[in-house]
Amino acid sequence: MFRFRKFNRLSILAALTVLLMSYSNAFGYGLIGAWWYDTDIPVHYSINDAGYSQADIFTPVQASFDTWANVTCSSLNFAYDGTTSYANAPNYDNTNLIMWVESGWGFGSGTIGVTGFMYDTSTGQMLDADIVFNGVDYTWANSGESGKMDIQNIATHEIGHFCGLDDLYNTTDAEKTMYGYAQLGETKKRSLHSDDEAGLVSIYPIGGGGGGGGGGGGGSDDHGDSSASATPVTIGAQMTGDLETNGDIDFFSFEAVAGGSYTIETSLSTLPDSYIALYDTDGVTQITFDDDSGFGYASKITWTCATPGTYYVAVNGFLATDTGTYSLLISCDGICTAVDDHGDDSASATAVTAGAPVDGIIGATDDIDFFSFSAEVNGIYTIQTSLGTSTDTQINLYDTDGLTILASDDDSGVGSGSKIVWTCSVAGTYYVDVDGDIGSYTLSIDRVIDDYGDDAANATGLPVDSTLVGSIDIDDDVDFFSFAADEGGQYTITTALNTLTDSEIYLYDTDGVTQLAYDNDSAEGLASSILWTCPAAGTYYIAVAAYSEWASYTGSYIVSVALIVDDFGDDPASAASVGDTSQTSGSIDLPMDEDWFSLAATAGASYSIEVTLSTLSGSYLYLFDTDGVTQLDSDGSSGTNGTLLTWLCPATGTYYIKVTGASSATGTYSLSVSVTPADDGGGNDDGGGSGGDNSGDNSGDNSGDNSGDVNGGDGDLGATGGDYTTGDDKAGSDGNNGGCFIANASYTDDDLGLNRSVIDIISSISSIFFLTN
């Protein structure tokens, strides 16, 4: 099984805050219990640098890998496969990926880096490792720059996890690379401490290839060097061992029962001094340790078990150079045999009532707990376990004879819990057994009441412009609804999520079978939405389910059907008239909805046309000529919070305005039109020279108060006038155009919302932890 997934996080040390954690390491280093096999060496990795620009990341990351590869007496090395655009990390896909996350960091602001890996719990073989760095909360550098996180410093620590080493949190380990805290500007983790190197060598000794941590390196080790390769020990039976090489560790496992008092002790033969540590059922968490409580320099631990399970003992020399033979004895006083709380067969099954959970304990590796329950014909039942101290369960459902297996499951429940959904065909008494890893669990048997039918024949009516609350009650549950639709009507069919994590909806034709439309995530969050135009009046059907990739998800939702009524026409022929000084409220009802308006405009008058947003998140504004086809101008951003066009009418007539949503947005807005009457060319015309005409198609007397852009000054352009007859730069000082004119050119400017016939504006747009974690 590849069930166990572990994250190692490196987090920033809060200034002036140092708390000692109750963690002690007997060997000067910690092991995860997983390692790369020799067949996996060199271990390949790739770097994703997409969008990362704060510092050069390739050199320091490769230097960090080289630091570990260059450890004397270690067989581990790496192969760099170059850059990749692949960005699925941390994930367990047999791609070893290094990358920075610069948005959506999900591990907390105090976490600097995360190493995620997967390994085979039965063999300890590492299968995949990914390293992600926090580019959201930290700025990175590769020179130990103050105020920034040093790439090589943090990468060297995280690669230690990549190799199979665990975090250290005792302040006595503060100078080691695997110390679990770091600070801004810190670089000391770039260089390995001797204990960091010793940890690597214990896993990958020369001659042992990958997996030295689990097999003793090269086949001469009598007991494995990690909990994954521990030697089972029988309570009361003496086990001999030999620490053959410097830094050798021997791991053993034993079964303990709740309430049992255990003595774990060594007797020394040629080994001069022993050191033992007791580890919890995960094989990683140290419970206690001892050096010299036994006879002479032997070791001894007395411990009472609170939770039944498989525990681990590690034996090593007090000094890394201590080698030699010894014996290990684990004995028990008091309660040494697990009490069987439930019978081991259907004849001794414990009766369970549907809806009333019952607790159980797997007290030994061969323990099986049997239960019986009464089921009704056509009843739908969910049978599942919730894990307590047991790390994994399996369940079997038996027929009324207590022998015939009807269904089985291992990991369909939460975590490694088990779950069966079953429909009873014949009323009677049925049986369930539970087995798995030693520890506690809770068994629940519940009858499920389905709120809505599972096909069109049993659909529930859903009136248009109404909602219903529903629930996906069991695995693969589908809820059907029917509604009456009119020909040509536009409808939105939408879900809103309550406790259901992810929905999908289907629209079926009047036969209840032919699928017309489908959606997964078009509504808010992971909810669903379909926009549909009815081709013919009739009764249609909707099916709501959990998203197919999460078919085991259950929970509640809201489903609705609404008829969309368009407030304004979608073309010039159906345009609504707006005055030259008016404000009109509108709504973009659909993602592709267009609202058209007509405007009677007067030659020479200047018009300001603006969209102000209400619930609409963004808009586009278009102006069309009197034919309703030729586009004169458009804008997508220059309004205060919407769009704006300023336009000088060239000839009296009826023009057209179109409003749409930006990026398929829908919602409400207001359209306002204001007019400035035509100027007669008199004393305050803001344009032209001090008294002359600009040669062009429409020569105007530009005798304004302020000298125009052609001759300098700080005036704006006046009327559009004719084309300038030269392309030379003019000497503007404070005028809008800064003196840069282009001869005989015309264009539309969406940013300014101005129609300019001859002037172009040229611009340049130049895991270390917070202790709260």
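- N48 places a side-chain N or O within donor-acceptor distance of the main-chain N or O of Y86, the cut-off being under 3.5 Å.
- When side chains are defined from C-beta on, D589 counts as touching D567, because their heavy atoms get closer than 4.5 Å.
- Looking at T660, D570, T666, V659 one by one, the single match for side chain to side chain contact (heavy atoms under 4.5 Å, CB included) with D593 turns out to be D570.
- Between the T95 side chain and the L97 main chain, no donor and acceptor come within less than 3.5 Å of each other.
- Side-chain atoms of D150 never come within 3.5 Å of backbone atoms of G185 as a donor-acceptor pair (strictly under, hydrogens ignored).
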Stepwise side-chain contact (heavy atoms from CB on, under 4.5 Å) test for I542 and V561
CA-CA 10 Å; I542 303 164; V561 177; 3.3 Å; yes
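- When all heavy atoms of Y655 and A601 are compared, the closest pair comes out as CD1-CB, 3.8 Å.
- Side-chain atoms of L563 and D465, non-hydrogen and from C-beta on, do get closer than 4.5 Å to each other.
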T495 and S503: side chain to side chain donor-acceptor pair (under 3.5 Å), yes or no, with the steps?
CA-CA 7 Å; T495 62; S503 69; 2.8 Å; yes
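- Side-chain contact annotation: T510 with T539, donor-acceptor N/O pair under 3.5 Å absent.
- Judged by distance alone, the side chain of D625 and the main-chain N or O of D627 form no donor-acceptor pair under 3.5 Å.
- Smallest separation of non-hydrogen atoms from S598 and A575: N-CB, 3.9 Å.
- Checked by atom type and distance alone, the side chain of S109 never pairs as donor or acceptor with a backbone atom of D137 at under 3.5 Å.
- Judged by distance alone, the side chains of D595 and Y669 do bring a donor and an acceptor atom under 3.5 Å apart.
- Using a 4.5 Å cut-off on side-chain heavy atoms (C-beta onward), F107 and N134 make no contact.
- For W532, the side-chain hydrogen bond (donor to acceptor under 3.5 Å, both in side chains) criterion is met by no residue, not counting sequence neighbours.
- Between the N142 side chain and the P60 main chain, no donor and acceptor come within less than 3.5 Å of each other.
- Using bins of under 30°, 30° to 60° and over 60° for the plane-to-plane angle, the ring pair Y506/Y518 lands in the tilted bin.
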Between F480 and Y508, does a ring pair (Phe, Tyr, Trp, His ring centres under 6.0 Å) hold up when you go through it step by step?
CA-CA 10 Å; F480 266 79; Y508 292 95; 5.7 Å; yes
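- Atom CG of L462 sits about 5.0 Å away from atom CG of L468, to the nearest 0.5 Å.
- Between the T499 side chain and the S556 main chain, a donor and an acceptor come within less than 3.5 Å of each other.
- Here Y656 and F597 keep their ring centres 6.0 angstrom or further from each other.
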Side chain to side chain donor-acceptor pair (under 3.5 Å) between T643 and S619, worked out
CA-CA 6 Å; T643 43; S619 63; 3.1 Å; yes
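- Rounding to the nearest 0.5 angstrom, the gap separating the CG atom in D571 from the CD atom in E594 is 8.5 Å.
- Nearest heavy atoms, Q490 versus T533: CG-OG1, 3.5 Å.
- Enclosure of atom CD in Q515 by more than 12 non-hydrogen atoms of other residues, nucleotides or ligands within 6.0 angstrom is indicated.
- Counting only N and O atoms by type, the side chains of T668 and S614 include a donor and acceptor under 3.5 Å apart.
- Between L500 and A546, the shortest heavy-atom contact is CD1-CB, 4.1 Å.
- Between atom CG of residue D633 and atom CG of residue L645 there is a gap of 4.5 Å, rounded to the nearest 0.5 Å.
- To the nearest 0.5 Å, the span separating OG1 on T612 from CG on L671 amounts to 8.5 Å.
- Ring to ring, Y452 and F481 are close: their centroids are under 6.0 angstrom apart.
- Contact check for L507 versus F483: side-chain heavy atoms found under the 4.5 Å cut-off.
- For the ring-ring contact (aromatic ring centres under 6.0 Å, His included) condition, the pairs that include at least one residue of residues 607-627, sequence neighbours left out, are W596-F624, Y607-W647.
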Run the numbers on T84 and S46 for side chain to side chain donor-acceptor pair (under 3.5 Å), then give the verdict.
CA-CA 6 Å; T84 177; S46 302; 5.6 Å; no
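- In terms of heavy-atom proximity, T111 sits nearest to Y138 at O-CE1, 3.8 Å.
- Remark: side-chain polar atoms of D509 are not paired, donor with acceptor, to backbone N or O of D511 under 3.5 angstrom.
- For the pair D451 (side chain) and G470 (backbone), a donor-acceptor distance under 3.5 Å is absent.
- Not one N or O on the side chain of Y491 forms a donor-acceptor pair closer than 3.5 Å with the backbone of I530.
- Taking both residues in full, the closest heavy atoms of A485 and C534 are given as CB-SG, 3.7 Å, listed atom of the first, atom of the second, then distance.
- Here the CG atom belonging to L590 is positioned 8.0 Å from the OG1 atom belonging to T492, to the nearest 0.5 angstrom.
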